[in-house]
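These notes concern the structure reproduced below.
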Amino acid sequence: MKNYTKEQILHMVEEEDVEFIRLQFTDMFGVLKNIAIPVSRLEKALANECVINGDYIDGLGSTGENDFYLYPDLSTFTVLPWRPQQGKVARFICDVYHMDGTICESSPRTILKNVLAKANKMGYDICVSPECEFFLFHTDDDGMPTNITHEKAGYMDTTPLDLGENARRDIILTLEDMGYDIDSSRHELAPAQHEIDFLYSDMLETADKIMTFKVAARTVAKRHGLHATFMPKPRANVDGSGMHIHMKLMKNGKNAFSDPSDPKGLSKAAYGFIAGLMKHMKGMSAIFNPLVNSYKRLVTGFEAPNDITWSCRQNGALLRAYNKKGEAMLELRSPDGAANPYLLFALCLAAGLEGIEKDLQAPGDINVDVRKMSREEKKKAGIASLPANLSIALGEMEKDELVHLVLGESFVDEYLEKKQQEWESYMEQISEWELNRYLYCM
């Protein structure tokens with residue numbers, strides 16, 4: 001994260017021949033919003049004087065106010081490499097403020113900042129590394145997205161099987177132009193499915209990067225005649241796309257999850273963090289997996305987890321603890337790419353910190369492949385499952401006190417109301433599966 005001054009920003013804009021500035025922020029559902037201003041209005045933006053109407057922004061419209069200020073975070077300044085080279089476009093990610101100059105507590109970025117401030121007060125810093133999965137599908141004759149692919153590639157396949165390799169390469173080159181540190185990329189399990197992994201970085205910076213990454217992926221894919229989608233399960237009978245989150249907690253410059261004297265190499269803080277995550281997993285699922293479609297990924301028979309377990313050995317567990325060269329890390333495997341990264345990270349961290357603060361005890365780790373266990377075996381082992389659909393997840397969210405505390409009562413109320421409407425709209429639909437199964441025999 002670069003600590004630019006206003007003077008440096010103005011100098012870079014002039015040097016790069018920037019003509020337009022995008023002021024970006026996200027709504028409660030993680031949809032990127034922005035206003036564009038000509039460079040002549042940049043000084044106004046840097047003085048935090050650009051106003052937006054919040055009436056039609058999810059998460060802002062219910063605050064009782066109409067107008068809000070955008071405060072650009074100068075460290076997020078970047079020139080968008082996919083825009084024209086003459087008359088370039090740059091962007092800032094912004095925090096949202098009320099007209100009286102107080103920060104908007106219902107802004108997802110603010111919610112994450114508040115939890116990070118609590119972690120810092122406890123002496124902790126946290127770094128995260130996301131695995132971003134997505135599909136590259138063909139577009140139709142009108143340029144509209146489909147879920148059609150002609151490729152047959154599978155895990156780690158290369159060309160000629162991997163027909164999206166060039167697009168994936170160009171996405172990475174674009175990200176590197178913006179200063180992203182990419183760890184690796186590959187073709188994933190399903191045809192047309194890809195993954196790009198980021199190196200560890202600050203949690204807030206990573207959330208900002210994920211939002212920009214999605215735009216970059218879609219933009220570059222379009223140039224290749226493809227559509228990049230982060231829809232969790234766009235095709236039946238293949239694995240869906242997730243967004244695994246690797247976490248590393250630090251204290252005084254040292255890995256706070258590590259303890260060489262422990263048989264598993266995990267510290268008391270790590271066990272508490274795991275316990276906090278597992279305690280609140282059901283209540284957080286409506287944020288981690290926010291779509292009706294999300295729960296079609298979390299079903300038996302595929303790689304995504306649907307049981308609340310943790311393990312040091314089993315890759316299929318919901319939460320995996322592992323060591324790399326003596327450094328302990330946690331991997332959360334249930335979230336998908338539709339999740340708002342600010343809220344996802346905020347709840348992960350808040351749940352983990354609660355586990356540490358309250359000295360919660362983690363259940364025993366699983367040393368068998370839970371995906372091969374019968375329902376009766378899981379019941380005997382006391383293994384709980386993730387919510388089976390969005391409606392159940394919303395019910396769990398409503399009951400979870402930590403979720404209310406982190407997100408705020410008004411935020412949760414609006415989220416529940418709008419997502420319940422989404423569920424009810426879905427339930428009104430009649431699918432081809434239902435017609436094929438019931439129309440002729442019932």
Side-chain angles (χ1 to χ4, degrees), residues 1-3 73-76 95 103 105 107-130 181 198-210 244-281 283-284 287-288 310 312 319-332 335 341-363 365 400-408:
M1 189 174 290
K2 298 177 180 178
N3 296 316
D73 183 335
L74 303 192
S75 70
T76 66
D95 292 309
I103 198 162
E105 295 291 343
S107 165
R109 200 167 189 263
T110 300
I111 289 170
L112 175 55
K113 281 185 166 184
N114 289 340
V115 182
L116 286 169
K118 178 180 178 180
N120 292 337
K121 194 173 180 180
M122 293 172 64
Y124 293 113
D125 292 303
I126 187 164
C127 297
V128 289
S129 165
D181 294 317
F198 299 176
L199 286 176
Y200 276 96
S201 63
D202 169 84
M203 195 172 252
L204 180 65
E205 182 181 4
T206 303
D208 291 338
K209 285 180 175 179
I210 289 171
H244 298 186
I245 304 299
H246 298 257
M247 294 171 278
K248 182 166 58 174
L249 194 69
M250 308 296 292
K251 191 168 191 177
N252 298 324
K254 296 182 179 179
N255 188 314
F257 284 157
S258 295
D259 182 356
S261 67
D262 180 76
K264 295 181 172 65
L266 300 176
S267 67
K268 184 179 179 181
Y271 287 114
F273 205 98
I274 291 167
L277 282 170
M278 295 187 73
K279 175 184 175 182
H280 294 286
M281 193 55 60
M284 299 186 296
I287 297 293
F288 295 179
W310 78 278
C312 292
L319 189 63
R320 192 167 72 96
Y322 62 99
N323 277 273
K324 277 188 177 179
K325 297 181 179 179
E327 281 212 275
M329 305 165 198
L330 301 179
E331 177 190 9
L332 180 62
Y342 301 103
L343 305 183
L344 163 61
F345 290 164
L347 287 176
C348 275
L349 181 54
L353 293 177
E354 182 190 85
I356 294 173
E357 274 188 304
K358 296 185 176 180
D359 196 21
L360 299 181
Q361 300 302 303
D365 64 325
D400 195 298
E401 293 181 1
L402 179 72
V403 173
H404 285 257
L405 181 65
V406 173
L407 303 184

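By convention here, the first residue in the shown sequence is residue 1.
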Lys251 with Asp125: basic N within carboxylate O range, under 4.0 Å: no

Heavy atoms only: give me the nearest Ala362-Ala275 pair and the separation to one decimal. N-CB, 3.5 Å

Just wondering, do Asp365 and Lys264 contact through their side chains at under 4.5 Å, heavy atoms? yes

Residue pair Lys118, Glu357: steps toward the salt bridge (Lys or Arg N to Asp or Glu O under 4.0 Å) verdict: CA-CA 11 Å; Lys118 178 180 178 180; Glu357 274 188 304; 2.9 Å; yes

In short, Asp73 meets Arg109 closest at the heavy-atom pair OD2-NH2, 2.8 Å

Val406 versus Ala350, closest heavy-atom pair with distance: CG2-CB, 3.4 Å

Phe257 and Met250: CA distance, side-chain angles, deciding distance, side chain to side chain contact (heavy atoms under 4.5 Å, CB included) verdict: CA-CA 8 Å; Phe257 284 157; Met250 308 296 292; over 6 Å; no

Answer yes if the side chains of Ser201 and Thr206 hold a donor-acceptor pair under 3.5 Å, and no otherwise. yes

Considering the options Leu402, Asp400, Ile111, which one meets the side chain to side chain contact (heavy atoms under 4.5 Å, CB included) requirement together with Leu407? Ile111

What's the verdict on side chain to side chain contact (heavy atoms under 4.5 Å, CB included) for Met247 and Phe273, showing C-alpha distance, side-chain angles and the deciding distance? CA-CA 11 Å; Met247 294 171 278; Phe273 205 98; 4.1 Å; yes

Residues Ala321 and Leu330: closest non-hydrogen pair is CB-CD2, 3.7 Å

Ignoring hydrogens and geometry, is there a side-chain-to-backbone donor-acceptor pair from Ser129 to Phe198 under 3.5 Å? yes

Is Asp95 paired with Lys113 through a side-chain N to carboxylate O contact shorter than 4.0 Å? yes

Would you say Leu116 and Ile126 make side-chain contact, with heavy atoms under 4.5 Å? yes

Donor-acceptor pair, side chain of Asn255 and main chain of Glu327, under 3.5 angstrom: no

For side chain to side chain donor-acceptor pair (under 3.5 Å), just list the numbers for Tyr342 and Asp208, CA-CA rounded to whole Å, side-chain angles, deciding distance to a tenth of an Å, and then say yes or no. CA-CA 8 Å; Tyr342 301 103; Asp208 291 338; 2.5 Å; yes

Should Tyr124 and Leu349 count as side-chain neighbours, where that means a heavy-atom distance under 4.5 Å? no

Nearest-0.5 Å distance that lies between atom CG in Asn323 and atom SG in Cys312: 7.5 Å

What are the two closest heavy atoms between Leu112 and Ala346, and how far apart are they? CD1-N, 3.7 Å

Are any side-chain N or O atoms of Ser258 and backbone N or O atoms of Gly326, one a donor and one an acceptor, separated by less than 3.5 Å? yes

Strictly distance-based, threshold 3.5 Å: is any side-chain N or O of Gln361 a donor or acceptor partner for the main-chain N or O of Asp359? yes

Going from CG on Leu204 to NZ on Lys209, what distance comes out if it is rounded to the nearest 0.5 angstrom? 11.0 Å

Leu332 side, atom CG; His244 side, atom NE2 - distance, nearest 0.5 Å: 8.5 Å

Give the intermediate values and the outcome of side chain to side chain contact (heavy atoms under 4.5 Å, CB included) for residues His246 and Val128. CA-CA 5 Å; His246 298 257; Val128 289; over 6 Å; no

Compare all side-chain heavy atoms of Leu277 with those of Met281 and state whether any distance is below 4.5 angstrom. yes

Atom OG of Ser75 and atom CG of Asp202: how far apart are they, to the nearest 0.5 Å? 9.0 Å

Dump the intermediate steps for side chain to side chain contact (heavy atoms under 4.5 Å, CB included) on Val403 and Met284, then the final yes or no. CA-CA 7 Å; Val403 173; Met284 299 186 296; 4.1 Å; yes

Which residue in the set Pro130, Cys348, Pro341 passes side chain to side chain contact (heavy atoms under 4.5 Å, CB included) when paired with Ile245? Pro130

Using a distance-only test with no angle check, is there a side-chain donor-acceptor pair under 3.5 angstrom linking Asp262 and Tyr271? yes

All heavy atoms of Tyr200 vs all of Met329, minimum pair found to be OH-SD, 3.2 Å

Mind checking whether Glu401 and Leu405 have side chains closer than 4.5 Å, heavy atoms only? no

